[in-house]
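Below is one structure, written out as structure tokens; comments come after it.
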Amino acid sequence: MRHKQIIAFVFLCLLSVASIAQEQTTISYSLEEAKTYAAEHAYQQKLAALDVEKAKNKVNETISIGLPQVSASLSYLNNIEIPSTVIPGDFIPNGKPGELVAIRFGSEQSMDASITANQLIFDGSYLVGLQATKVYLELSKNDKEKSLIELKKLVTQAYGNVLVAEKNLEILKKNQKSLDVIAFETEEIYKNGLIEEQDKDQAKLNYQRITNQYENAGRQLELAKNQLKFIMGLPVNSNIVLSDNLEKITEISMDADFAHKELIIDNHIEYKSILTQEKATSLLTRQQKSVYLPKLTGFYTYQQNSFENEFNFYGDAVWLSGQFFGINLSVPIFTSFGNKNRVQQAKIDHEKVKIAKLQIEQNLKIQAENAKSAYMFALNQYETNNENLVLAESIYDKVKEKYDEGMNSSLDLTTANNQLLTAQQSYIQASFQLIDSKVKLDQALNNL
């Protein structure tokens, strides 16, 4: 018995370990993999997909209006006191002419069962509505596409932020080690009386400052990762590793030819969306005009009635049947100019969309030119900062070499180290600006 308990305990422990291992599984994503995952799992994409599904149901709902509508009804009536009616006395035996005689007709209980079918034969509003629902579906699809483009941009920016944070942490770590060595050596030199206390304190202060920056950079990295996971639709407590590095993403973004690509207005999602809105307002105008047209519907009803003095509508009860069909024609004649004003409002909305279309067309062209200019500026900044980094590294190496030979002071080395740190941080910021300007250019040109 005890042997079985031990086996069960070991089994549970293994399950727990497996569960913990599963929870701590680290997933690696390249930038493209991150965008692909986000396209399916991001919250905003799930909402956009539901909006498209809802629009499809709206189309089917509208179509169903023109299909046969069948309904059934069952009613029961109990005459607690059968209503009276009056007839002239001339019509009953022994009645006095000129007098009204009260009599009761009917049964104490009755039941009615019927089934009715209705069919829309013609309705101008329905025909326009069918086209409008398709436009509504197109609008939802456009919104989903716009959401996906925005999502790809956000993922790229968040991915770049994580890479920058990782690179910054790496640089600060190296600088922390370097300043730690300088602070230690300065302390030893001070003990030997070769430098003043101020130099020793300055070296210690620099080390503490870089240590604080390093610790803060670690926290910034976690925040950047959490932001990326949130945008992608990953659980915040999951572990994520980026397989692409900052150099690779920056290199992909480096090509001046990107700024020479032409904007094709007709393919831009913003322009396609306003064209769809133009269709929608045009159909709304037609829908308001169609109210002037007649509406024709047909119907058919089959019913059965039973009348009893006791609740006995089964067995030998007598059911009387009846059936009929008909057509209803509704013709609007005068609406006190209400519909005329609605038509005018719809026309105004349509004209407003036409103006908005021209506005968006010009705005897209301006955005494209601005994005190209910003990209070229970011590219030049990156190249300049890259050159500055090479110079800062060269200066630091020379100062370090002279420091090792005793020709430079620790203050000179600290100054060169700080200069190198500034150049490194400017370089990684320029890398991110290049990545960011490239993705904004792609969005402006509808290349995402």
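Quick note: residue numbers are just sequence positions, from 1. Below, all heavy atoms of this structure are taken into account, side chains as well, without hydrogens, waters or symmetry copies. What you see is a predicted model; the values in this text were computed from it and never measured.
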Working for salt bridge (charged side-chain N to carboxylate O under 4.0 Å, His left out), residues K279 and E138: CA-CA 10 Å; K279 291 180 189 177; E138 187 177 343; 3.7 Å; yes

Please identify which of these residues, T116, N118, I115, meets the side-chain contact (heavy atoms from CB on, under 4.5 Å) condition with T301.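 Exactly one pass, corresponding to T116.
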
Taking [X] for the side chain and [Y] for the main chain, is one N or O donor matched with an acceptor at less than 3.5 Å?
X: S290; Y: Q287; result: yes
X: D123; Y: K295; result: no
X: S238; Y: L234; result: no
X: N216; Y: N212; result: no
X: H41; Y: T36; result: no
X: N408; Y: K400; result: no
X: H350; Y: A346; result: no
X: S243; Y: Y29; result: yes
X: N245; Y: K248; result: yes
X: Q202; Y: L411; result: no

Is there side-chain contact between [X] and [Y], with heavy atoms separated by less than 4.5 Å?
X: N328; Y: L296; result: no
X: S75; Y: M111; result: no
X: L379; Y: E383; result: yes
X: L364; Y: N446; result: no
X: N386; Y: Y427; result: yes
X: L151; Y: I231; result: yes
X: I149; Y: Q443; result: yes
X: I27; Y: I240; result: no

Indicate whether the side chain of [X] and that of [Y] have a donor and an acceptor atom separated by less than 3.5 Å.
X: N341; Y: Q345; answer: no
X: T276; Y: N142; answer: yes
X: Q304; Y: S114; answer: no
X: Q323; Y: Y300; answer: yes
X: Y190; Y: E196; answer: no

Before accepting this row, confirm whether a basic side-chain N of the pair [X]/[Y] lies closer than 4.0 Å to the acidic partner's carboxylate O.
X: E150; Y: K153; answer: yes
X: E351; Y: K347; answer: no
X: E278; Y: K354; answer: no
X: E32; Y: K35; answer: yes

Is [X] atom [atom1] crowded by more than 12 heavy atoms from other residues, nucleotides or ligands, each under 6.0 Å away?
X: F325; atom1: CZ; value: no
X: F230; atom1: CZ; value: no
X: I264; atom1: CD1; value: no
X: F377; atom1: CZ; value: no
X: K272; atom1: NZ; value: yes
X: K141; atom1: NZ; value: no

Working note: E188 + K191, criterion salt bridge (charged side-chain N to carboxylate O under 4.0 Å, His left out); need CA distance, chi angles, decisive distance, verdict. CA-CA 5 Å; E188 294 302 314; K191 290 179 181 179; 3.7 Å; yes

Stepwise side chain to side chain donor-acceptor pair (under 3.5 Å) check, Q119 with T297: CA-CA 6 Å; Q119 174 62 55; T297 59; over 6 Å; no

Centre of Y375's six-membered ring, under 6.0 Å away, within 45 degrees of the axis: is that where NZ or CZ of K440 sits?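 Checked: cation-pi criterion not met.
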
Between Y207 and F184, does the ring centre distance come in under 6.0 Å?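 No, the ring of Y207 stays outside the 6.0 Å limit from the ring of F184, centre to centre.
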
Apply salt bridge (charged side-chain N to carboxylate O under 4.0 Å, His left out) to the pair K204 and E187, showing each step before the final yes or no. CA-CA 9 Å; K204 184 178 180 180; E187 178 74 25; over 6 Å; no

For the residue pair [X] and [Y], what are the closest heavy atoms and their distance?
X: K200; Y: T186; result: CA-CG2, 3.4 Å
X: S437; Y: A374; result: CB-O, 4.1 Å
X: Y214; Y: K173; result: CE1-CB, 3.5 Å

Set out, in order, the CA-CA distance, both residues' side-chain angles and the distance that settles side-chain contact (heavy atoms from CB on, under 4.5 Å) for L413 and Y396, then state yes or no. CA-CA 7 Å; L413 183 59; Y396 175 80; 3.7 Å; yes

Mind checking the [atom1]-[atom2] spacing from [X] to [Y]? Nearest 0.5 Å is all I need.
X: L441; Y: K438; atom1: CG; atom2: NZ; value: 7.0 Å
X: S394; Y: K398; atom1: OG; atom2: NZ; value: 4.0 Å
X: S125; Y: L130; atom1: OG; atom2: CG; value: 11.0 Å
X: T281; Y: Q277; atom1: OG1; atom2: CD; value: 8.0 Å
X: Y382; Y: Q433; atom1: OH; atom2: CD; value: 13.5 Å
X: N417; Y: Y403; atom1: CG; atom2: OH; value: 11.5 Å

Could you walk me through whether I210 and Q213 pass the side-chain contact (heavy atoms from CB on, under 4.5 Å) check? CA-CA 5 Å; I210 202 70; Q213 290 182 9; 3.6 Å; yes

Please walk me through it: do E40 and K46 pass salt bridge (charged side-chain N to carboxylate O under 4.0 Å, His left out)? CA-CA 7 Å; E40 184 177 352; K46 290 182 178 180; over 6 Å; no

Might you work through the side-chain contact (heavy atoms from CB on, under 4.5 Å) test for V291 and N339, ending with a clear yes or no? CA-CA 8 Å; V291 175; N339 196 64; 3.7 Å; yes

Take Q424 and N175 through the test side-chain contact (heavy atoms from CB on, under 4.5 Å) and record every step on the way to the result. CA-CA 11 Å; Q424 289 170 330; N175 278 269; 3.3 Å; yes

